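Structure first, commentary second.
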Amino acid sequence: MIHAHDVDWMAGHLPGQVCGVPDHLRNMLSPAPAVRAEAFDGFYAEAHDQGAVDPCTAMSLPFLFDMADDPATPDRAEIVRLLLSIGRASARRDPECVYFTSNGVESTAHVGITAEMTERADTFVRYAADPDPLVRRPAIEAVGLFLADGRCAARVLAERLPAEDGILERLMVVRTLARLAVRLPEVGTTVATWLDELIDGPERPHADAPVRLSALTHRALIDPGQDTAGLVPRAIALLRDITATPTAEKSCDGCRWCISTLHVRGRAVVPTVRPAHLAAEHFDPDHPWEEHSPLSSVLRTLHTTLGDRIAERTALLVAQLTSPDAATRYDAIAMTKDLPGTLPRPVLTALLDLLPDDLAAARTIQGGFSQWFGGRLRVAPEDTELLLDTLDDYMATLRAAHGPDVWATDNAVVRRAYQEAVMTLADHHDPRALPDLIRSLETRVDDWRVLYGVSGYPQAADQLVPLLADGLSFIDPARPNAPIPAGLYLSCLAELKDPLAIPVITDTLTWAGQHQSWGVVTGALDALASFGLDAQGAHAFVRLLTNAPDEAVRAAARATLNALSDPQAPRTARPKAGNGYGKEPPY
């Protein structure tokens with residue numbers, strides 16, 4: 001390995017700055033795993049942060065290639081992945097542009113890095129045949145990205161397919177070939193012919209079905225003009241073949257996510273086994289937290305290819321959501337959120353059918369319907385009642401299985417799914433959520449969540465206001481924002497618009513003023529102002545605060561006095577007594 005002291009590591013740095021890259025490179029070879037992990041983190045932070053490619057990144061390439069060439073190097077696969085990441089980031093930059101390093105220094109390092117990756121492309125060809133599959137995976141992608149001779153790259157990649165026996169490597173080969181055809185259109189015909197052979201050639205072993213599905217998807221991607229009338233039906237048939245319930249009594253040996261059977265009740269479920277050709281981790285670095293099946297990157301690409309062909313995407317999603325394979329179902333939930341427009345009824349029905357699986361329920365409700373998490377699934381108005389009724393039935397099923405206080409159950413997955421269902425009902429001001437909201441405020445279990453939903457229940461203000469007042473009594477004037485901000489309680493009282501809240505807010509003004517907790521005082525004044533003439537009884541106390549030592553409090557007090565004195569201010573009328581149970585939800 002070349003010596004680090006032979007390199008001027010200060011290029012691209014300002015005078016006086018210290019470059020830690022040589023130390024990181026040296027520690028990547030440490031026998032201690034913890035030291036190596038820290039070295040990789042340090043390198044990424046200093047030389048490749050969020051895809052940065054600086055002069056010190058370029059100067060590190062010879063060292064990284066030396067490490068990757070040595071079979072004795074620990075974490076060789078991580079080194080090759082790093083090289084791929086550096087090269088990919090450089091290739092995506094405009095070679096005619098000058099970029100700035102994190103130190104504010106002009107840099108064109110990306111040009112030299114791209115050239116060096118091209119010069120060393122044969123090295124990646126060699127890595128692509130390495131005995132270690134973890135080394136081969138990034139190397140396969142690098143061959144398609146950096147080899148200048150497109151025909152040579154296509155031949156190398158095509159030869160890898162029969163040599164690979166893992167689904168990740170085989171899918172990587174197909175995807176890389178398709179990307180090669182996009183990068184170098186002159187090999188498009190060659191790649192298309194090769195994909196056609198995979199799709200329509202002789203019958204292959206059952207385990208080759210994922211490769212055929214990938215070939216079918218990428219064939220449509222590289223040639224959008226071809227007739228795709230039968231694309232989705234054929235893809236669905238392949239998907240069903242791939243995800244057929246396995247008959248062998250073989251536990252999953254790769255997927256960490258097939259845990260739904262720990263939480264399922266009330267229906268027959270697939271055993272916790274996977275088809276051998278699916279028992280593997282995800283391989284798409286662009287969606288590491290959304291992908292549980294190696295097929296999902298292929299299916300996501302197919303959805304992208306279909307674009308606004310909603311009917312066909314609906315049919316495909318329904319097939320995914322009803323798959324016997326749990327990982328395929330979980331990934332389909334994430335893909336559903338990318339469907340444009342309102343949710344088609346068949347997809348909504350398929351999603352709701354997943355609720356008996358609590359892990360799928362949590363992912364579905366939290367990721368799609370819960371407004372707290374920015375729900376991205378838009379339900380048509382005519383389907384809202386179906387959604388809310390189904391969630392209410394699901395909550396009843398959980399209460400029957402886990403007892404009445406499911407909101408606070410020790411089972412983290414069940415608790416999350418139940419709470420998301422409750423809060424989704426609360427988003428729609430559905431009275432069926434109210435008992436759990438009240439129970440949470442009474443027990444103070446995850447009551448911070450409830451505070452974002454209680455304002456939609458003015459009909460239960462006689463129950464909610466005392467509970468909110470009790471929550472305010474636990475506020476520490478020295479730490480008014482922990483664990484729950486006092487302002488959140490005050491805004492809830494203001495939004496309920498019930499005169500019962502006025503003395504609670506006035507009492508808060510008193511103790512907050514005594515402790516000079518001016519942020520709480522300001523929040524209480526704003527809440528009081530929302531009641532207009534109804535809060536005139538607090539006029540004298542508010543006037544005193546116009547002389548408070550805090551400028552923001554003085555301004556809020558003057559604004560509140562105006563609101564309390566303005567005859568045009570809207571008066572609040574207390575709703576009729578009652579808790580609203582049994583009423584039709586105000587959709």
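Since this is a predicted model, take the numbers as computed values, not measurements.
- With contacts defined as side-chain heavy-atom distances shorter than 4.5 Å, the pair Trp407/Asp405 qualifies.
- Using a cutoff of 4.0 Å between basic side-chain nitrogens and carboxylate oxygens, Arg432 and Asp389 are scored as salt-bridged.
- Closest heavy-atom contact between Met335 and Ser296: CE-O, 3.4 Å.
- The backbone N or O of Ala129 lies less than 3.5 Å from no partner atom in the side chain of Arg160, so there is not a single donor-acceptor pair.
- Between Leu184 and Gly150 the shortest heavy-atom distance is CD1-CA, 3.5 Å.
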**Item:** Evaluation steps, side-chain contact (heavy atoms from CB on, under 4.5 Å), between His48 and Ser85
**Value:** CA-CA 9 Å; His48 195 43; Ser85 180; 2.7 Å; yes
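- Legend: residues meeting ring-ring contact (aromatic ring centres under 6.0 Å, His included) with His110, ordered by chain and number and at least two apart, are Tyr99.
- Using modelled atom types and a 3.5 Å distance limit, the side chains of Thr243 and Ser323 yield a donor-acceptor pair.
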task: Under the side-chain contact (heavy atoms from CB on, under 4.5 Å) rule, what do Leu355 and Leu391 come out as? Steps first, then yes or no, please.
output: CA-CA 8 Å; Leu355 294 185; Leu391 291 179; 4.0 Å; yes
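- For the pair Tyr457 and Leu464, the tightest heavy-atom approach, listed with the atom from each and the gap, is O-CD1, 3.7 Å.
- Under the 3.5 Å distance criterion, with hydrogens and angles disregarded, no donor-acceptor pair is assigned to the side chains of Thr384 and His428.
- Counting only heavy atoms from C-beta outward, the side chains of Leu441 and Leu451 approach each other to under 4.5 Å.
- One N or O on the side chain of His218 and one on the backbone of Ser214 form a donor-acceptor pair closer than 3.5 Å.
- A salt bridge is defined here as a Lys NZ or Arg NE, NH1 or NH2 lying under 4.0 Å from an Asp or Glu carboxylate O, and Arg363 with Glu420 fails to meet this definition.
- Taking every heavy atom of both residues into account, Val80 and Pro138 meet most closely at CG1-CG, 3.7 Å.
- Of the possible donor and acceptor atoms, one in the side chain of Arg415 sits under 3.5 Å from a partner among the backbone N and O of Thr409.
- Paired with Leu299 under the rule side-chain contact (heavy atoms from CB on, under 4.5 Å), one option of Thr217, Leu317, Leu213, Thr304 passes, and it is Leu213.
- Residues forming a ring-ring contact (aromatic ring centres under 6.0 Å, His included) with His303 (at least two apart in sequence, or on another chain): none.
- Among all heavy-atom pairs drawn from Gly51 and Ala89, the shortest one is O-CB, 3.4 Å.
- Taken from CG in Leu316 to CG in Leu302, the straight-line distance is 5.0 Å, to the nearest 0.5 Å.
- The closest donor-acceptor contact from the side chain of Asp331 to the backbone of Ser293 lies under 3.5 Å.
- Within the 4.5 Å cutoff, no side-chain heavy atoms of Asp427 are placed close to those of Phe369.
- Under a 3.5 Å cut-off, the side chain of Arg219 and the backbone N or O of Asp196 do not form any donor-acceptor pair.
- Residue pairs that meet the salt bridge (Lys or Arg N to Asp or Glu O under 4.0 Å) test with at least one member in residues 304-315, sequence neighbours left out, are Arg309-Glu312.
- Side-chain contact between Leu198 and Asp208 is absent, with no heavy atoms from C-beta onward closer than 4.5 Å.
- Between Arg76 and Asp130, at least one side-chain N (NZ, or NE/NH1/NH2) sits under 4.0 Å from a carboxylate O, which counts as a salt bridge.
- Within the 4.5 Å cutoff, no side-chain heavy atoms of Leu221 are placed close to those of Val182.
- Between Glu382 and Arg345, no side-chain nitrogen of the basic residue sits less than 4.0 Å from a carboxylate oxygen of the acidic one, so the salt-bridge criterion is not met.
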*Candidate pair Val379 and Thr342, rule side-chain contact (heavy atoms from CB on, under 4.5 Å), full reasoning*: CA-CA 5 Å; Val379 178; Thr342 57; over 6 Å; no
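- The environment of Arg183 atom CZ is dense: over 12 non-hydrogen atoms of other residues, nucleotides or ligands sit within 6.0 angstrom.
- The number of heavy-atom neighbours closer than 6.0 Å to CG of Asp165, taken from other residues, nucleotides and ligands shown, is 12 or below.
- Scanning all heavy atoms of the two residues, the minimum distance from Arg93 to Ala52 falls at NH2-CA, 3.7 Å.
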Check: Hey, mind stepping through Ile484 and Tyr489 against side-chain contact (heavy atoms from CB on, under 4.5 Å) and telling me if it holds?
Finding: CA-CA 8 Å; Ile484 299 176; Tyr489 287 105; 3.7 Å; yes
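- Using a 4.5 Å cut-off on side-chain heavy atoms (C-beta onward), Leu386 and Leu352 make contact.
- Side-chain atoms of Ser297 and Arg175 include a donor-acceptor pair closer than 3.5 Å.
- Side-chain atoms of Arg137 do not come within 3.5 Å of backbone N or O of Glu169 as any donor-acceptor pair.
- Side-chain contact between Tyr418 and Arg399 is present, with heavy atoms from C-beta onward closer than 4.5 Å.
- Contact of the Leu351 side chain with the Leu343 side chain is registered, since non-hydrogen atoms from C-beta on lie closer than 4.5 Å.
- Asp325 contributes a side-chain N or O that, together with a main-chain N or O of Thr328, makes up a donor-acceptor pair within less than 3.5 Å.
- Annotation: Glu186, atom CD; neighbour count of heavy atoms from other residues, nucleotides and ligands within 6.0 Å is above 12.
- By the 4.0 Å N-to-carboxylate-O rule, Arg234 lies close enough to Asp200 to be salt-bridged with it.
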